[in-house]
Amino acid sequence: MEFSMVNLLSLLLLPVFGALVLAFVKQATAAKRLALSVSLLTVLLTIPLLLNFVPDASMQFEQRFAWIPSLGIHFHIGIDGISLPLVLLTNGLVPLIILAAFGHNHSGGFYALVLFMQAGLLLVFTALDAFAFYVGWEVALIPIYFICALWGGENRIRVNLKFFIYTFLGSLFMLAAIIYLHLQVPTGDYELTSFYNLALDSATQRWIFWAFFLAFAIKMPIFPFHTWQPDTYTEAPTAGTMLLAGIMLKMGIYGVIRWLIPVSPLGFAAYGQLALVLCLIGVVYASIIAFKQRDAKRLIAYSSIAHVGLIGAGIFAWNVQGLQGAIIQMVNHGISVVGLFFVLDIIERRLGTRELADMGGIAKPAPALATLFLVIVMGAVGLPLTNGFVGEFLLLMGVYQYGVWYAVFGGLTLILGAVYMLRLYQRTMLGQVTDRTANFSAINRTEWLVLVIVAVLVVGIGVYPKPLLQLSEAAVVDLIEQVGPIVKH
Amino acid sequence: MIDLVWLIPLLPLVGFLINGLGRNILSKSLSGIIGSGVVLVAFLLSGGLFAEVYHARQAGEAAAFTQSLFEWIGAGNLTIALSFLVDPLSAIMLLIVTGIGFLIHVYSIGYMKHDEGFAKFFAFLNLFIFFMLLLVLGSNYIVMFIGWEGVGLCSYLLIGFWFKNSAYAAAAKKAFVMNRIGDLGFLIAVFLIFTTFGTLEFAGIFPQAAGMAMGDTTLLLITLLLFVAATGKSAQIPLFTWLPDAMAGPTPVSALIHAATMVTAGIYMIARSNILFTLSPITLQVIAAIGICTALLAAAIAITQNDIKKVLAYSTVSQLGYMFLGLGVGAFTGAFFHVITHAFFKALLFLGAGSVIHAMSDEQDMRSMGGLKKHLPVTYLTMLIGTIAIAGIPPLSGFFSKDEILAHAFAENRLLWVLGFIGTLFTAFYMFRMLFLTFFGRFRGTAHQQGHLHESPATMTIPLVILAVLAAIGGALNIPSALGGSHALADFLAPVFADSVAKSGAFHLDHSTEYILMGVSALAAVVMAFVAYRRYVTKASIPVADDAPRGLLARLSYRKFYVDELYDALVVRPLNALSVFCYRFIDRRGIDGVVNGFGKAVGESGKGIRLLQSGNVGFYIFMMVIAVAALLAYGIFNG
Amino acid sequence: MSAIITLSLLAILVLYLGLFKARNMLLPVSLAGLAATLVLYALQWGSTAEPLYSGMVLFDGYAIAFSVLCVTVTALVLLLSKDYFDSRSTHVAEYYALILFSLTGALLVVSFHNLAMLFIGIEIMSVALYILAGIRKKDFASNEAALKYFLMGAFSTGFLLFGIALLYGASGSFDLAVIKAHVVDNPQAVSPLFHAGVILLIVGLAFKVGAAPFHFWTPDVYDGAPILITTYMSTVVKTAAFAGFLRLFLFCFVPLQDFWMPVLLVMTVITLFVGNITAIVQQSFKRMLAYSSISHAGYMLFAIVAIGSTSAASVLTYAGAYSLASVVAFAALILVKRATGSDHFEAFNGLAKKNPYLAIALTVSMLSLAGIPLTAGFVGKFMMFSNVLADYQVVLVVLAIINAAMAIFYYFRVIVAMYFKPLDRDQVVVSGQYRTVLLLAVVITLVLGVYPAWLTGLI
Amino acid sequence: MSVFYFVAFLSIFFALMTIFTKNPVHSVLYLVITFFTFTVHYILLNAQFLAVVNFIVYMGAIMVLFLFVLMLLNLNKDTEPLKSNLVKVMGVIAGLCLLLTLAGSLRVLEVSDPVTLKNPDIGLVGNLGKVLFSEFLLPFEISSILLLTAMVGAVLLAKNDPKKA
Amino acid sequence: METVVQHIQGVPLNHYILFCSLIFAIGVIGVLIRRNVIIIMMSVELMLNSVNLLLTAFSAYSGDPAGQVFVFFIMALAAAEVAVGLAIIVMVYRNTRSVDINALNRLRG
């Protein structure tokens, strides 16, 4: 491990320490400040990462320590072009999420959980050792469970328990697969690379594929493993929803790119098409369901299923455009979904309802909100010069190269997305001012700040996505070559 | 000069940002000046650009200049640059967009004076100009697509400008979604183009395409998909219903976006990729068919509408139909020519209508107008010119452009000409009907409106006058050789359509036939104008109230042939029903039911198993003994 | 060996202390004695182990590791018992003595090298427990638990003995070495007596570890016995029994794996499902823990099903993790029950508000039992799964996974109660010993979870 | 050798009587007889010492203990509410299943070479003593703990606390 | 003494095993069909004794005293168990006035 002036481990540990300290902070404002400063510190630590990163296929800033030597387990982390965007996303969004939660006056415990989860997520995105990956995977789950179940809606308990058990079940299958693979590794370790180098027979790879796929499909979620998601998103507090939709679901997608496909290429060859079809079904199915949702949050939840479906399709199409699109769209989706949920949170806190029926005409009392919301919505709709377009364009292009009709089918998201997103915008912002929305107070500084940052990112990435794309280009090309071109069945 | 191309779209963008961000600071007049100022500068630049292109053409060059700003998206073999292409086609389009755009900005200063969203309005207009310029200048399909969707956004924003009225908001949404349907076609076409030609740059595609065989299936697919996109943007069957609703927006918007510029984007795009279309005759036939049908349908509807803007809207749809007819019969120049003239007179008519509505204090129903010509002389005169122009009565612009299209149609297929001819009859009738109902007879409005009647301020009338002039003399751009003209426009555009002409062979029709055709259509127009006069001025008959009984045809026409109702029944309702069904039954009960079912099953079995734990030692021991016996039995056979 | 002697002397000493009414001396003395035992074991560590006393016992690393675990956990239990029994019973001294006797038995079980020692060890352990279970003489539940445990225990002893007899008949000796030699010499041609003997041994031992279908005593006895005794039973005794179980099979019966493995496989699966599914429907936290202990027995059986070089380490880790977590859980239960008088889940409602640290401790232990990463429980499960997968028992793993997911449901019920079911209750008083125990157990659990190397490296 | 079968028959018979008699006292007595037959078996196997111990410990101590408790709790008359016949039948069937499988897995029906006393006097006190105090010294010592435990426990449980704790 | 030894000469080992299994089974049946705890304990004793005899038979058969030594331990255990068991019974009886195992069903489910 050559010396690098960026210490990745410190990046992972900082949130943990922050969390440990915060756990004992009772006073709300102090907790806020501390949490925000810690998360901003992580951002600072990320900057040198970005500066010293060489956009090639190599693994960088690697660190490797023996963890459980007797079992061949190492704590091995590193970053390449595929994981860097997600690390950026995580460290970028967490401050936003913390900032967005300022309206709620949570105690230190809340922020502690958020930061703890951040650590878990970062571990997932940087782990190069399957065991470490799994640990991060689960560690990220506990805090979010508590966040959602402690500060959630009325039937939060049932919903979150279901969510937890469902995802836990999936990940256990992954664990089994990981152990199995480890047992096949001649060097007896859990290294990502040694997993890549295994050339198992097709039959084995097939069930390995399913074991991993189940874990990731539930997390993302892919149709038909998605039913936990709308409930959880709806019941969760906004910060929880942001973490879930903004970052956590990327764990699944990242897993597909980093583990599922390269580790079981034959399984992928056998079932990739099925998976892709499932993703596309999810796109249309979720969009259609989103049409008539009365609950704004639930609407976004389903829209998120649709977006993720498209991302998944892009990945399973397994070509440069698709993967690049997937990676950039992960970032985009994270950004816009955080924005969307935050707007809904602002509305809900003022109106005390999420029912679209009770809203309308908010643009009148809160024009700034309306404008920023519009930008975010357009980003979600995938309008050119917003980030959404770049992602959707590349994704659809990738899917197109896999099969024309898949692309046409998936492309329906352009239309359907417009339908439900505009409906959302219209029902909330436009139309007559109702007695409820009449005295809707304009957004305060913090809210404005968060939304502006989101909007700027939405447009910024949309106008000049190249730098972001360049980060992952080399790595993606390399990965695709390594797995080899897709074999259609 | 060419190096400054990037300024042209940039200026409106700057205007948008200034007006958008400073909308609470800037005074109305200031934002008005900024808003129109940037467009004016852009117009001047375009003028300079055009001059350059023109000289180049005189020098006999192809005069196509590209300017690449930066690489926008790059993934694998796909690289998309944000780059501009200036050639005769885009040069003219630039002039139209910026020119008419400027006029309408000026007009809006007066029209929107009393609206609190004044600055916002100008910001949106600027944004629209920006996107429209991108669309026009784009040197590849993606940049064009950016503009393509961008203008869609702006039309959404501007239609829903008065968002407090949820009907308007709905109209805006409808427009956006219908455009989106087309856009999907565009996107798929782009993918297909990329996979076929390996690039998205016009400069890269068209030469390759020129080398391809006539009637190539790939090209057929591409062109059909592109045409789908065009039907969305340019309001053709089946996606035309959004345009009439789009009249919800302020009138200047209708004039700029839904008459002069955006809706012609489809024609521009097809003209741009003319070679692809020339090589797929089937598509051309489809286009021609759709075009003429739209023209007739819209015209038929326009005849009975009473909302002055609705009439104009349907006439726009119908005129667009003509343009597509032109494209369909290979009269690319003609179609584009009609784009230009139509931009002039339809903008004029809309602005005129705007001024009328302004004077009538926002009354749009012609049944309560009448006799306005003495109150609004300027408006009346200008609109008269516009009407004559659109009706196709020589020597005003509309006559020449429409005639060229019809001539080509005649050469292509007699039937098309006949239908087109019928269309011109309709056109003349409903336009004069509108004119007469509005300006002739006695005033039918309320006393309050009467007291309020006035001619519009200079900011509004001056653009009217300018446009009237253009509408009058616009025809001079491309006077056919039959009338001793020199086809100036055609020559200017020659390099753009060169390949197509080479493939399809030059259009020829001997002058005698041409004279006859012109005469017939001109005469017919005059006759229809007279008929309208008899009916609405001499007889002074007023259209009946909405719910009054009508004849079948009249009702069909008045109810817009129930197209909206049809779509509602065929698409909207089923989709909503499907949505509810998927959510309630498939998602909640079905999939989630299964998931929860597992939980329930475990719980139930738990209740069952715990019964074994009866608390009775005897039973426990009994079970143990059975178990031991079982194990030993296993031992017997495997021991 | 000296350790065991110390221990038995210690027990007698404690009895005398009781005689002289030196109550307050009991705990310190016992702890000191246990500490001494630990030291003695520690001294033995690493020295090459030879069978002692003509092959009766063998203090190899395996024995020592498990002994240390048992002694440590017992120490924790004794710490808890300070103000648990003083208030309730007059027979504190006997209580301590019996625990220590039982511990002695446990230590013999983990270090036996001769079936006689196994037998006697198990019996010392159990007989003491029969009594302890009933030590609340006026309490019906306690009585019933004692009698049930005794009857079924005695009954199962019969099978154990019959098995031993058959083994003796087949191999002609009680010495593990000899038996092993017998098996190794003719793995194919071992007499039917031997097979039947193995089966009966499985029955007897399965009963002791509470594996289905010989688990029926577990819930009732765990439920009826005083909480601390339950703690002791479910931790030390279970650990010791498993250690003995594994030791016997690891020593002697590996060559016969094809014969007995299917039996254990089936039993494992049944155990898992019975334990988990029944635990889900429980209303009492205590009884839930009883059933969960059954399911954990199932997981520990993995190590024997997939018997091999790593089995010992896995069982040790798993048993350790499980014991620590259980100690915490039961300690919390004791405190809550003392405050509310109920051991149902509702009794925990709103605990997190008043006793945040107690709640956190209990949460950690529950996560550990559920096998969530960064807790010792996960490492244990992880090693178990590794064993079984190394043996290509994919089906078993899948079933285990389903069970692990089910387990979340009931482990999280108490978390849900503590954190998400608000209820204004008065704070639960946590005495010094309890603080120490909880802190110790939680810290070890976490440390094991984060950096298990130092334990897994032992064996 | 017929002696063996005769005695075996007796012990089986009395064992059955033990478990099927209603009156507890009677079944104790039957059990005593059964144990006596066992003593005979030990003698036949030339394990005199065991025979003696069995005679004393079981028939003496243990049985007396049983009787004592029975009398103490005065259960001497057949107060025991019998289990329903179904349960009985099931019990018997289960037991027989056990017997069958046991016998089956032990292959008892195959011919095996007869029991011949290789050295007739292993059962003698001397020999047993040698083994017990050399080889089995540790278990012998340890079993003292067992007995001590039992003693403590018995006292602890059976003693009737004066003060109601 | 010789005469005694004559008597068992020739009894096949299997018959001993069968006999012990029989007694064992009878003991089990006793445990199964009786409700009186004391009788159940007696049945258990029966089981233990069958084991004793089995061990003795084996030891005699193989001429190895260990088996007979082991019997001592079993007897010790038997004694211990009986002591503890009866103590428990007495305790229970004191509380419930019954030695019927079916009375023990408070703990269940």
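This structure is a prediction, so every number in the text was calculated from the model and none was measured. A note on names: the letters A, B, ... follow the listed sequences, proteins ahead of strands, and every chain is numbered from 1.
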Inset, instruction - Output all residues satisfying side chain to side chain donor-acceptor pair (under 3.5 Å) with B:Asp564, sequence neighbours left out; order by chain, then residue number. - result: B:Lys174
Legend entry - Residues in side chain to side chain donor-acceptor pair (under 3.5 Å) contact with C:Ser142, at least two apart in sequence or another chain: none
Legend entry - Pairwise distance NE2(C:His195) to OH(B:Tyr634) - rounded to 0.5 angstrom: 8.5 Å
Legend entry - Atom pair CD1/CG of C:Ile199 and B:Leu631 - distance to nearest 0.5 Å: 6.0 Å
Structural part of [X] lying under 4.5 Å from a heavy atom of chain B:
X        : result
C:Tyr291 : side chain
C:Phe159 : side chain
C:Asn276 : neither
C:Leu147 : neither

At a heavy-atom distance under 4.5 Å, which candidate from [options] has the highest pair count against chain C?
options                                : answer
B:Ile609, B:Val628, B:Ile621           : B:Val628
B:Met623, B:Lys607, B:Met624           : B:Met624
B:Gly615, B:Ala627, B:Ala630, B:Gly603 : B:Gly615

Inset, instruction - Please name the pair of heavy atoms, one in C:Ile277 and one in B:Ser605, separated by the smallest distance, quoted to 0.1 Å. - result: CG2-OG, 3.6 Å
Inset, instruction - Of all the heavy-atom pairs spanning C:Phe259 and B:Asn638, show the shortest one and how long it is. - result: CD1-O, 3.6 Å
Legend entry - Heavy-atom side-chain contact between C:Tyr149 and B:Val617 under 4.5 Å: no
Inset, instruction - Measure from the ring center of B:Tyr620 to the ring center of C:Phe155 and say whether it is less than 6.0 Å. - result: no
Inset, instruction - Pick whichever of C:Gln282, C:Met267, C:Lys148 has the most heavy-atom pairs under 4.5 Å with chain B. - result: C:Lys148
Inset, instruction - Give a yes or no on this: more than 12 heavy atoms of other residues, nucleotides or ligands lie within 6.0 Å of atom CZ of B:Phe598. - result: no
Inset, instruction - Would you indicate whether B:Lys164, at its atom NZ, is surrounded by more than 12 heavy atoms from other residues, nucleotides or ligands within a distance under 6.0 Å? - result: yes
Inset, instruction - Can you tell which part of B:Leu612 gets under 4.5 Å to a heavy atom of chain C, answering side chain, backbone, both or neither? - result: both
Would you list the atom pairs, donor with acceptor, under 3.5 Å between side chains in residues 71-80 of chain B and any protein atom, with sequence neighbours excluded?
residue, atom, partner, partner atom, Å
B:Trp72, NE1, A:Gly462, O, 3.0
B:Trp72, NE1, A:Val463, O, 2.8
B:Asn77, OD1, A:Gln321, NE2, 2.9

Inset, instruction - Considering only heavy atoms, give the residues of residues 206-223 of chain C separated from chain B by less than 4.5 Å, sorted numerically, with 'none' for an empty result. - result: C:Phe207, C:Pro213, C:Phe214, C:His215, C:Phe216, C:Pro219, C:Asp220
